[in-house]
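Working notes for the structure below.
Chain letters run A, B, ... following the sequence lines, proteins first and then strands; every chain starts at 1. Values below: all heavy atoms of this structure, side chains included; hydrogens, waters and symmetry mates excluded.
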2 protein chains.
Amino acid sequence: MKTPTRNRRAEILAAAADLFAARGFHGVSIEDIGAAVGVSGPALYRHFSGKEALLTEMLLDISERLREQGARLATTADPDTAEAALDALLSGHIEFALNHPALIRVHERELDNVPEPARRAIRRLQRLYAEEWVTVLSELYPACPPARLRAATHAIFGLLNSTPRSAGELPPEAMADLLRTMARAALSRL
Amino acid sequence: MKTPTRNRRAEILAAAADLFAARGFHGVSIEDIGAAVGVSGPALYRHFSGKEALLTEMLLDISERLREQGARLATTADPDTAEAALDALLSGHIEFALNHPALIRVHERELDNVPEPARRAIRRLQRLYAEEWVTVLSELYPACPPARLRAATHAIFGLLNSTPRSAGELPPEAMADLLRTMARAALSRL
DNA sequence: CTCGGATGTTAATCATCGCTAACAGACCCC
DNA sequence: GGGGTCTGTTAGCGATGATTAACATCCGAG
């Protein structure tokens, strides 16, 4: 049977994500990750070629999910509905950040620990995702220079990704609402 | 002569801050830090009792500076000028973040690597700083529950601290302006 | 039944790293 | 001019950690 085994990879990735989020890539040992899924140490090499490969796959997956979600939600060439597209991007990002705080944290912090061939690919996906936002914003603010829109986008990411730091302050629904309100306001007068 | 020597500690702290910001606490070796200031390796132990002590001092210094600046800028018991106090906090934080991106990054990320006695102290300073913001905001929005104000404050920190990630997109003055505008808007309808 | 792959285990290797020890020059004060 | 402190240096110790090797199990397929 493959089914009980298939989960192992995902289990490991999930456990590693939590650990990386909490203590950072270099602060977590292979042993730690193994222990977190109930196996011990080098068993991980049956599923991943190494620690860096594990991180690489994790970041590629996150970046790909965000980019795909972004492309799906932002596809609105119509300027009239740019407002709606922005709302969709916002809600999508907030939902992701609230549902996967560990992934957001790792995505935000650990890119530098990915070895070079894959790092470019991840950066590219991150850039594509950000460009979805910039494109939508540039429809809303045609007069605003792109560099400013890019900086604003990163600032909004910083705001939305603050979630893991203020965890527990508010119930998720209230938090989502707050973030949506603040982000919309922040983007309302560029 | 003590003068040329006194700088060593500061030199080391500055170099370590840059390295920690770039590669994370565990990603930097004592050798690396030594090399960055032109001495090699264990020379650092003439100035700091260890790697953790170095980080501890760095974070204590940052937290203290922010707290002091916050206390100074927010001291305005008058509700009429709460708006002005908020502006002052905002400008102060932005200036700090733009002038010391590495410090902001370390401050944001490395608290978990500080050993326990000092960690509490740093957390306390960070909390005091955040409470300055919450106090000012609660004067502006007396009806808003404190938990929401706290979450909003952390979200604003996330926005303002995005600086190190969008470095180079905009000249510092334009960046400061953008952040001020976005933050003010984000806080305008809590 | 047995062969083979998938999945684990423990022991060993090899590098890195934080930190200490032992020693050396510079400079100051008496 | 002889301690004494300050600041470095290089070697070495001990621990940790990633990775590999060698060896067990389980289980489905022929």
Side-chain angles (χ1 to χ4, degrees), chain A residues 1-59 106 110-119, chain B residues 1-59 106 110-119:
Chain A
M1 211 62 85
K2 296 281 183 61
T3 343
T5 316
R6 273 280 169 263
N7 296 17
R8 258 301 137 85
R9 275 181 72 88
E11 239 181 292
I12 292 170
L13 281 168
D18 288 342
L19 289 169
F20 289 165
R23 309 211 294 263
F25 180 72
H26 292 293
V28 175
S29 74
I30 290 280
E31 259 298 319
D32 292 335
I33 302 171
V37 300
V39 306
S40 249
L44 301 193
Y45 289 86
R46 299 295 170 193
H47 304 275
F48 298 92
S49 72
K51 199 184 171 191
E52 286 183 333
L54 209 167
L55 179 68
T56 298
E57 181 163 331
M58 193 183 312
L59 285 186
V106 173
E110 306 292 0
L111 179 59
D112 296 332
N113 294 311
V114 173
E116 199 27 278
R119 192 176 337 177
Chain B
M1 214 58 87
K2 295 281 183 60
T3 343
T5 316
R6 274 279 168 265
N7 296 18
R8 262 300 139 88
R9 276 183 69 89
E11 237 182 293
I12 292 170
L13 281 168
D18 288 343
L19 289 170
F20 289 164
R23 309 211 294 266
F25 181 72
H26 293 293
V28 175
S29 74
I30 289 283
E31 259 298 319
D32 293 335
I33 302 172
V37 300
V39 306
S40 248
L44 301 194
Y45 288 88
R46 300 295 172 193
H47 304 275
F48 298 92
S49 73
K51 199 185 171 192
E52 287 184 333
L54 209 165
L55 179 67
T56 298
E57 180 162 332
M58 193 185 308
L59 285 187
V106 173
E110 306 292 358
L111 179 58
D112 296 333
N113 294 312
V114 173
E116 199 26 279
R119 192 176 340 175

Open item on the list: It should be established whether Arg8(A) places a side-chain nitrogen or oxygen under 4.0 Å from OP1 or OP2 of nucleotide dA6(C).
Closed with: no
Task: Separation of Arg46(B) CZ from Arg9(B) CZ (nearest 0.5 Å) - done: 14.5 Å
Open item on the list: Below the 4.0 Å mark, does dG8(C) have OP1 or OP2 next to a side-chain nitrogen or oxygen of His47(A)?
Closed with: yes
- [ ] Verify, without hydrogens or angle tests, whether Glu52(B) (side chain) and Pro115(B) (backbone) share a donor-acceptor contact under 3.5 angstrom.
- [x] no
Open item on the list: Rounded at 0.5 Å granularity, tell me how far CD in Glu11(B) sits from NE2 in His47(B).
Closed with: 9.0 Å
- [ ] Calculate, to the nearest 0.5 Å, the distance between atoms CG and CG belonging to Asp18(A) and Asp32(A) respectively.
- [x] 13.0 Å
TODO: Specify the separation, in whole Å, of atom OH of Tyr45(A) and atom P of dA22(D).
DONE: 17 Å
- [ ] Look only at the side chain of Arg23(B) and the backbone of Val28(B), and say whether a donor-acceptor pair between them is shorter than 3.5 Å.
- [x] no
Open item on the list: How many whole angstroms separate atom CG of Asn113(A) from atom P of dA18(D)?
Closed with: 12 Å
Open item on the list: Short of 4.0 Å, heavy atom to strand atom, which residues of residues 26-39 of chain B count as contacting DNA chain C?
Closed with: Val28(B), Ser29(B), Ile30(B)
Task: Rounded distance [0.5 Å steps], CG in Leu111(B) versus CG in Leu55(B) - done: 8.5 Å
Task: Flag side-chain contact, heavy atom, 4.5 Å: Ile30(B) against Tyr45(B) - done: yes
Open item on the list: Please report the distance, rounded to the nearest Å, between CZ in Arg46(B) and P in dC23(C).
Closed with: 14 Å
Task: Nearest-nucleotide pick for Ala43(A), side chain only, options being dT20(C), dT9(D), dG8(C) - done: dG8(C)
- [ ] In whole angstrom, give the distance that lies between atom CZ of Phe48(A) and atom P of dA18(D).
- [x] 15 Å
Task: Partner residues of Ala16(B) under the side chain to side chain contact (heavy atoms under 4.5 Å, CB included) criterion, sequence neighbours left out - done: Phe20(B), Ile33(B), Leu54(B), Met58(B)
- [ ] Return the residues of residues 50-58 of chain B meeting this criterion: a heavy atom under 4.0 Å from some atom of DNA chain C. Order them by number, or give none.
- [x] Gly50(B), Lys51(B)
